[in-house]
2 protein chains.
Amino acid sequence: MKGTVFVLEDDVAISGLIKVSLDMNDISSKTFSTVKDFLYALVSETPDVALLDIMLPDGSGLDVLKYVKEKHPNVCCIMLSALGKEEDKVHGLSLGADDYVSKPFSVLELTARINAALRRNRALNKKLSVGDLEINLDTMEVFLSGNRLELNRKEFELLKYFMKNAGRVLSREELLTEIWGYEQGETRTLDNHVSRLRKLGVHNLETVFGIGYKFTV
Amino acid sequence: MKGTVFVLEDDVAISGLIKVSLDMNDISSKTFSTVKDFLYALVSETPDVALLDIMLPDGSGLDVLKYVKEKHPNVCCIMLSALGKEEDKVHGLSLGADDYVSKPFSVLELTARINAALRRNRALNKKLSVGDLEINLDTMEVFLSGNRLELNRKEFELLKYFMKNAGRVLSREELLTEIWGYEQGETRTLDNHVSRLRKLGVHNLETVFGIGYKFTV
DNA sequence: AAATTATGTTACAATTGTATTACAATCGTT
DNA sequence: AACGATTGTAATACAATTGTAACATAATTT
């Protein structure tokens, strides 16, 4: 999952289309059709990117933009507007919008811009550390008590998932679907990767017999 | 060529005059008569100096100023305004304008100020260096431990992107969209360019199997 | 304790991804 | 239009990863 996008758009046909495209691109999204719902959702969760329509039934996306930029400056805002409303564009940009897309837009283009925004956002070094392990999501570096470990992609993904869910018991199915995308079927692949991680020195990987594994703190 | 100037001015008589004068002074310029055109041009090219009228048919030069200063802080902005509008002047300077010229102005004086701005701007380092590599964004020169490398445009763009994002793992997807504008599709072009850079001596380009590349420090 | 089931580990093969060369298409000049 | 430079494609060779099979070992159930 590459990030989270909140979509504020009252035309369900449009927001639906966007959602489908984001799903296909492995980007998690939530759609809202009123300013009220949107702001309410912001209380409990902060997305990486906000996609804001300007004309909404209960307010203006420009006001939302202003609010978001004030309260959550790390959220990247992309405005959507009706064709020709160039004054909105200037206004939006001056209020701190990061990008701008005019309707009608190509879903492909929009997705590309969202991807770019997510990338830009990620430029802030994001680290994750649990116990004596520390991983850097940007550089894909892993340190165990300060020493660099060389992991390949699957090993890294798996370790990342373990660390993000440290303490929880993770079933084999969960891991297989999250990391491998397997829906079902029997495989020993997971055991294998766990074994490799252990051999590299990751000691806090407990096996939960009959269920799966647990990354302990 | 001493630099590039973008002129945003809706009176064609004035912008024409400015352009002629700049041409004579070996300064490259592009003129725009609407905010829309101006912002659009900014997407693909960043000038050294922006000359901004304030009253425009589709917006205010002050909004443009704010936007430019935010997104391209190295661009030097000179405001143009009708005589007597002192409040604009104050407002503009508070938004980060570098200089201010009142209409009607002497073309000679304006040109002098632009020259001064270009000189000042040149002083700002437009260099980027990481490890033993140094690139000059103006002249497109590249030095590897002091020795000049000859790169062509794509090689330069790619290296620049790598250096700007040194340390981060850059996916093939990201590089292809950022440098090539590809939205999807499979290509070996990227591998090729990386290979060329390496052959030229750029040694700190790591391949991250299954994902992309990383420019290490 | 034997039988059954689940996991650990190793080695290897299949798969997938990359490097590099040579060449073709394209672009920008003249 | 023709030239040279640049940039993308195809093809080949090569390398890394990752899933599978096989067998060993451990845990659970009977």
Side-chain angles (χ1 to χ4, degrees), chain A residues 26 135 140-142 148-162 169-216, chain B residues 1 28 44-45 135 139-142 148-162 169-216:
Chain A
D26 195 28
I135 70 178
M140 285 187 46
E141 287 169 323
V142 179
R148 174 84 191 271
L149 296 187
E150 291 290 340
L151 302 195
N152 50 38
R153 182 163 48 150
K154 275 277 141 73
E155 288 162 1
F156 183 82
E157 291 296 323
L158 184 59
L159 182 60
K160 183 169 90 185
Y161 196 82
F162 272 126
V169 174
L170 307 177
S171 70
R172 306 176 82 80
E173 302 93 73
E174 173 173 356
L175 291 165
L176 284 169
T177 56
E178 290 292 332
I179 312 290
W180 278 268
Y182 286 18
E183 283 320 326
Q184 48 186 334
E186 190 237 314
T187 177
R188 310 297 315 288
T189 304
L190 174 57
D191 308 48
N192 242 287
H193 283 265
V194 168
S195 169
R196 287 188 201 164
L197 282 178
R198 282 172 176 158
K199 198 155 59 170
L200 287 166
V202 181
H203 50 279
N204 31 2
L205 269 173
E206 255 176 36
T207 107
V208 181
F209 199 94
I211 303 186
Y213 297 92
K214 181 165 83 168
F215 187 86
T216 58
Chain B
M1 208 270 292
S28 145
S44 51
E45 188 183 351
I135 69 179
T139 59
M140 283 188 45
E141 285 170 325
V142 179
R148 176 82 191 273
L149 295 187
E150 291 291 339
L151 301 195
N152 50 39
R153 192 168 26 248
K154 274 275 141 71
E155 287 161 2
F156 182 82
E157 290 297 322
L158 184 60
L159 183 59
K160 184 169 90 185
Y161 196 80
F162 272 125
V169 173
L170 307 177
S171 70
R172 307 175 80 78
E173 193 200 22
E174 171 171 356
L175 291 165
L176 284 169
T177 58
E178 291 292 334
I179 312 289
W180 278 269
Y182 287 16
E183 283 322 324
Q184 47 187 327
E186 191 234 314
T187 176
R188 291 262 100 42
T189 304
L190 174 57
D191 309 46
N192 245 285
H193 283 265
V194 168
S195 171
R196 288 187 203 164
L197 282 178
R198 282 173 176 158
K199 200 154 56 170
L200 288 167
V202 181
H203 50 279
N204 32 2
L205 270 173
E206 254 177 37
T207 106
V208 181
F209 198 94
I211 301 185
Y213 297 92
K214 182 163 79 167
F215 187 87
T216 57

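These numbers come from the heavy atoms of this one structure, side chains and all, not from hydrogens, waters or symmetry mates. Proteins come first, then strands; the chains are lettered A, B, ... in the order of their sequence lines, and each starts at number 1.
- Among the nucleotides dG8(C), dA11(C), dT18(D), the one closest to any side-chain atom of Arg188(A) is dG8(C).
- One interatomic measurement links the two molecules: CG of Leu205(B) to P of dT18(C), which rounds to 14 Å at whole-angstrom precision.
- Between Phe162(B) and Tyr213(B), the ring planes lie perpendicular to each other; the angle is over 60°, past the 30° to 60° tilted range.
- The shortest distance between the side-chain N/O atoms of Thr189(A) and the OP1/OP2 oxygens of dT20(D) is below 4.0 Å.
- Within 4.0 Å (heavy atoms only), Phe156(A) reaches no atom of the nucleic acid at all.
- Remark: P of dT7(D) and CG of Leu159(B) are 14 Å apart, rounded to the nearest angstrom.
- Among the nucleotides dT7(D), dG8(C), dT9(D), the one closest to the side chain of Thr187(B) is dT9(D).
- For Arg172(B) and dG17(C), the shortest distance from a side-chain N or O to OP1 or OP2 is not below 4.0 Å.
- Counting all heavy atoms, side chain and backbone alike, Glu141(A) lies closest to Lys214(B) at CG-NZ, 3.8 Å.
- Remark: Lys154(B) does not engage Glu157(B) in a salt bridge, criterion side-chain N to carboxylate O under 4.0 Å.
- For Leu151(B) and dA5(D), the CG to C1' distance is 15 Å, given to the nearest whole Å.
- Closest to the side chain of Asp191(B), out of dT16(C), dT20(C), dT28(D), is dT20(C).
- With distances taken from any side-chain atom of Arg196(B) to the nucleotides dT18(C), dG8(D), dT20(C), the minimum falls on dG8(D).
- The side chain to side chain contact (heavy atoms under 4.5 Å, CB included) test with Ile135(A) singles out one residue from Leu149(A), Val142(A), Leu151(A), and that residue is Val142(A).
- Here the side chain of Asn152(A) is nearest to one of dT18(D), dG19(D), dA10(D), namely dT18(D).
- At whole-Å resolution of the value, CH2 in Trp180(A) and P in dT15(C) are 19 Å apart.
- Residues Leu190(A) and Asn192(A) fail the side-chain proximity criterion, which asks for heavy atoms closer than 4.5 Å.
- Taking only side-chain nitrogens and oxygens, His193(B) never comes nearer than 4.0 Å to OP1 or OP2 of dT6(D).
- Contact annotation: Lys199(A) does not reach the phosphate of dG8(C) (side-chain N/O to OP1 or OP2, under 4.0 Å).
- In this structure, CD of Glu186(A) is placed 9 Å from P of dA6(C), rounded to the nearest angstrom.
- One can place CD of Glu150(B) at 13 Å from P of dT7(D), the figure rounded to the nearest angstrom.
- Surrounding CZ of Arg148(A) are more than 12 heavy atoms belonging to other residues, nucleotides or ligands, all under 6.0 Å away.
- Side-chain N/O atoms of Arg198(B) include one lying less than 4.0 angstrom from OP1 or OP2 on dA19(C).
- Here dT25(D) presents its P atom at 16 Å from CZ of Phe209(A), a figure rounded to the nearest Å.
- Contact annotation: Tyr213(B) does not reach the phosphate of dG17(C) (side-chain N/O to OP1 or OP2, under 4.0 Å).
- Taking the nucleotide of DNA chain D with the nearest heavy atom to each of Lys154(A) and Lys154(B), the more 5' of the two is matched to Lys154(B).
- In this entry the distance linking CG of Asn192(B) with P of dT7(D) reads 12 Å, nearest Å.
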